[in-house]
Amino acid sequence: MFGHVFSRRTSFLVRCFHVAKKFSNPEPEDILFSALCLNLRQRRWNTLHQFSSSLTNPLISRVLREFRSSPKLALEFYNWVLRSNTVAKSENRFEASCVMIHLLVGSRRFDDALSIMANLMSVEGEKLSPLHVLSGLIRSYQACGSSPDVFDSLVRACTQNGDAQGAYEVIEQTRAEGFCVSVHALNNFMGCLLNVNEIDRFWKVYKEMDSLGYVENVNTFNLVIYSFCKESKLFEALSVFYRMLKCGVWPNVVSFNMMIDGACKTGDMRFALQLLGKMGMMSGNFVSPNAVTYNSVINGFCKAGRLDLAERIRGDMVKSGVDCNERTYGALVDAYGRAGSSDEALRLCDEMTSKGLVVNTVIYNSIVYWLFMEGDIEGAMSVLRDMNSKNMQIDRFTQAIVVRGLCRNGYVKEAVEFQRQISEKKLVEDIVCHNTLMHHFVRDKKLACADQILGSMLVQGLSLDAISFGTLIDGYLKEGKLERALEIYDGMIKMNKTPNLVIYNSIVNGLSKRGMAGAAEAVVNAMEIKDIVTYNTLLNESLKTGNVEEADDILSKMQKQDGEKSVSLVTYNIMINHLCKFGSYEKAKEVLKFMVERGVVPDSITYGTLITSFSKHRSQEKVVELHDYLILQGVTPHEHIYLSIVRPLLDRENGRP
DNA sequence: ATAGGGTTAG
């Protein structure tokens with residue numbers, strides 16, 4: 001046994017000696033290099049470990065390059081270098097990483113290259129800027145005999161991280177250095193711009209493509225289609241499709257999927273179905289629907305409340321041999337929950353499990369959400385426990401759903417407790433949850449509790465947003481606690497947060513309601529922009545005080561501001577309310593007719609205001625007539641007012657007690 | 001590349 005070890009060791013030394021002898025004047029580094037290579041080839045990590053203290057930057061790079069044709073081994077060596085603490089210094093990491101990236105890209109192992117780049121740029125990693133990484137790659141470019149594909153990969157690493165600006169800088173700097181990224185990288189960048197909703201910038205880059213010598217390919221066309229679909233411009237998307245055909249570029253399934261999904265999202269299911277049916281014909285029989293296509297349509301019908309049609313499409317999907325996946329079930333589970341059939345939703349979960357599909361967090365969240373909406377707290381909490389017992393990841397959606405679900409069902413205390421447990425587990429903190437809690441405390445007039453949430457957010461170092469401040473400011477103003485409201489306002493200013501329109505409107509409303517018209521007016525005058533809510537608040541105040549001239553003035557300002565757009569349903573409700581209070585019932589009815597003609601559908605507030613007033617001051621026939629008219633306009637009656645005023649009248653008409 | 005879950009302030 002020992003003899004065996006000895007002979008291996010001897011042969012190793014002899015081989016080293018041979019290699020060394022080849023050089024006329026062997027440098028120590030050359031000997032070390034050969035030894036490293038020999039041991040690495042045999043994966044003798046223990047032996048290699050003895051060299052770890054002698055490793056230098058150039059040596060590491062040299063070994064990595066030596067193994068360019070066995071990237072797997074090179075990667076093992078790279079990882080070993082990173083792990084051995086003695087050389088884990090940042091500069092070493094960086095240079096070795098750059099060489100490794102070149103090798104991986106050269107052998108088309110893009111995912112491995114991307115993950116190294118992502119790590120270099122991530123907060124947990126080295127936190128290097130994309131341009132810094134680029135400079136490192138360029139420095140080692142020649143020695144590694146690399147190709148511009150590495151720059152494409154770096155762009156990709158940025159876009160995968162949602163860093164459009166980084167991708168842009170890399171593309172620009174690459175060009176400045178005399179290289180060029182491919183059209184694929186440019187497509188990646190443009191896709192990233194769309195994903196972060198920088199539509200204008202997308203178009204700018206798209207228009208510059210040609211002059212930079214790029215020829216748009218099917219992916220580019222698809223992005224243009226996507227950008228139109230994002231803005232619900234289906235007609236324009238379709239015309240890009242035809243332009244693509246004219247350019248001799250063949251559409252693929254993604255081209256269709258984007259348009260079909262766009263149609264579904266705008267609720268145009270007819271168009272979606274047309275496209276689905278004509279995909280073959282429109283593509284010279286080259287393209288047929290895949291799971292994404294079917295799932296988009298299924299989801300479209302689910303959201304439109306047409307489960308019957310969604311199920312029919314699922315039937316088509318199965319018939320055409322496309323397997324249902326998690327997304328298919330996700331859409332259906334959500335729809336059954338929405339329709340109040342949580343049992344069926346849970347049955348579908350069993351079905352997917354039996355097919356080997358995983359019921360993931362998104363699907364669980366759907367179920368929990370709809371159970372809460374139904375008021376089935378027990379059911380919701382038991383599904384949540386089920387998630388826990390299955391070690392299912394709880395995400396910020398789950399948190400928001402549970403916190404809101406508990407609050408809206410009156411379990412605010414329990415929601416706070418849930419939130420506290422989340423904080424303890426150090427899961428992702430979501431401001432929305434805290435804001436929701438504050439909102440419910442404010443609604444229940446428990447301002448001290450809301451304030452406590454604010455305090456705990458500060459303690460946890462969470463950044464507060466405009467909604468956090470706005471909720472409290474509005475709450476205190478409504479309670480008449482002007483001082484505390486102003487304190488919070490000052491706090492916001494001290495934290496360098498700019499109050500937004502909602503907060504200003506809230507203040508204007510609060511001051512007016514406290515009878516501080518002068519102060520309210522001062523705030524209004526200081527406001528740079530005003531919106532419908534501002535005007536509605538002012539209109540309501542002036543009508544309340546009987547200042548018709550001022551009201552008239554505000555109305556004409558509103559019409560000037562944004563044309564008709566700034567006159568809203570609320571505006572009409574305010575006018576109707578005050579006309580009724582003045583006893584001008586016929587005028588109120590005129591306003592009602594006027595708004596209906598403008599295509600503004602009255603709501604239950606309109607209904608309640610008019611019916612209440614008419615029942616006090618007009619004949620019963622007039623009340624019933626008004627009710628019928630409103631129903632005809634598609635108004636949902638105010639439940640309480642319908643039951644207490646209108647139904648008794650209708651019953652009497654029909655001879656019922 | 002394209003498809004899923006939530007919504008908190010006037």
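Letters go in sequence order (proteins before strands), and every chain restarts at 1. The model shown is predicted, which means the values in this text are computed figures rather than measured ones.
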Identify, with sequence neighbours excluded, every residue that meets ring-ring contact (aromatic ring centres under 6.0 Å, His included) alongside A:Tyr226. none
Euclidean distance, atom CD1 of residue A:Ile260 to atom C1' of B:dG4 [Å, nearest integer]: 17 Å
Is any side-chain N or O of A:Lys303 closer than 4.0 Å to OP1 or OP2 of B:dG5? yes
Looking at every strand, decide which applies to A:Asn500 at a 4.0 Å heavy-atom threshold: base, sugar-phosphate, or nothing. base
Nearest-nucleotide pick for A:Val502, side chain only, options being B:dT2, B:dA9, B:dG4: B:dA9
Below 3.5 Å, does any donor atom in the side chain of A:Asn257 face an acceptor in the base of B:dA1, or the other way round? no
Under 4.0 Å, heavy atoms only, any strand: does A:Ala331 hit a base, just the sugar-phosphate, or nothing? nothing
When every non-hydrogen atom of A:Ala263 is compared with those of A:Thr266, the smallest separation belongs to O-OG1, 2.9 Å
Rounded to the nearest Å, what distance is computed from the CG atom of residue A:Asn188 to the C1' atom of nucleotide B:dA1? 8 Å
For A:Pro251 and A:Leu245, which heavy atoms make the closest approach, and how far apart are they? CD-CD2, 3.5 Å
Quick one: label A:Ile401 by what it contacts on the DNA or RNA (base, sugar-phosphate, nothing), any heavy atom closer than 4.0 Å. sugar-phosphate
Over all strands shown, is A:Asn536 touching base, sugar-phosphate only, or nothing at heavy-atom distances under 4.0 angstrom? nothing
Can you list the steps and then say if A:Thr534 with A:Thr537 is a side-chain hydrogen bond (donor to acceptor under 3.5 Å, both in side chains)? CA-CA 5 Å; A:Thr534 326; A:Thr537 310; over 6 Å; no
Below 4.0 Å: OP1/OP2 of B:dA9 and any side-chain N or O of A:Lys497: no
Report yes if the side chains of A:Lys544 and A:Lys513 come closer than 4.5 Å at any heavy-atom pair, otherwise no. yes
Can you check the A:Arg327 CZ to B:dA3 P distance for me, whole Å? 8 Å
Mind checking ring-ring contact (aromatic ring centres under 6.0 Å, His included) for A:Trp203 and listing every partner two or more places apart, or none if nothing turns up? A:Tyr206, A:Phe228
What is the separation between atom OH on A:Tyr206 and atom P on B:dA1, rounded to the nearest whole Å? 20 Å
If you look at every strand shown and take non-hydrogen atoms under 4.0 Å, does A:Ile363 touch a base, only sugar-phosphate, or nothing? base
Could you tell me which non-hydrogen atom of A:Cys158 sits nearest to which non-hydrogen atom of A:Val170, and how far apart they are? SG-CG2, 4.3 Å
Would you say A:Arg443 places a side-chain N or O within less than 4.0 Å of OP1 or OP2 belonging to B:dA9? no
Picking from B:dT8, B:dG5, B:dA3, the nucleotide nearest the side-chain atoms of A:Val432 would be B:dT8
Ignoring hydrogens and angles, does a donor from either the side chain of A:Asn365 or the base of B:dG6 sit under 3.5 Å from an acceptor on the other? no
Give A:Thr537 one of three labels, base, sugar-phosphate or nothing, depending on what nucleic acid heavy atoms sit under 4.0 Å from its own. nothing
Under 4.0 Å, counting only non-hydrogen atoms across every strand here, what does A:Asn360 touch: a base, just sugar-phosphate, or nothing? base
Classify A:Asp531 by what it touches in the nucleic acid, base, sugar-phosphate, or nothing, heavy-atom distance under 4.0 Å. base
Does A:Lys446 offer a backbone N or O that forms a donor-acceptor pair with the side chain of A:Asp444 under 3.5 Å? no
Hey, does A:Asn325 reach any base, or is it just sugar-phosphate, or nothing, if we go heavy atoms under 4.0 Å? base
For DNA chain B, the residues among residues 340-351 of chain A that have a non-hydrogen atom under 4.0 Å from it: none
Partner of A:Phe256 under ring-ring contact (aromatic ring centres under 6.0 Å, His included), picked from A:Tyr294, A:Phe241, A:Phe286, A:Phe221, is A:Phe241
Given atom CG of A:Asn187 and atom P of B:dT2, what is their separation to the nearest angstrom? 12 Å
Between the base of B:dA1 and the side chain of A:Asn222, is there a donor and acceptor pair under 3.5 angstrom? yes
Could you tell me whether A:Phe397 contacts a base, only the sugar-phosphate backbone, or nothing, with contacts defined as non-hydrogen atoms closer than 4.0 Å? base
Taking only the side-chain heavy atoms of A:Ile467 (C-beta and beyond), determine which of B:dA1, B:dA9, B:dG6 contains the nearest atom. B:dA9
For a quick check of understanding: with a heavy-atom distance under 4.0 Å over all strands, which category does A:Lys265 fall into, base, sugar-phosphate or nothing? sugar-phosphate
Shortest side-chain distance from A:Asn295, nucleotide among B:dG6, B:dG5, B:dA3: B:dA3
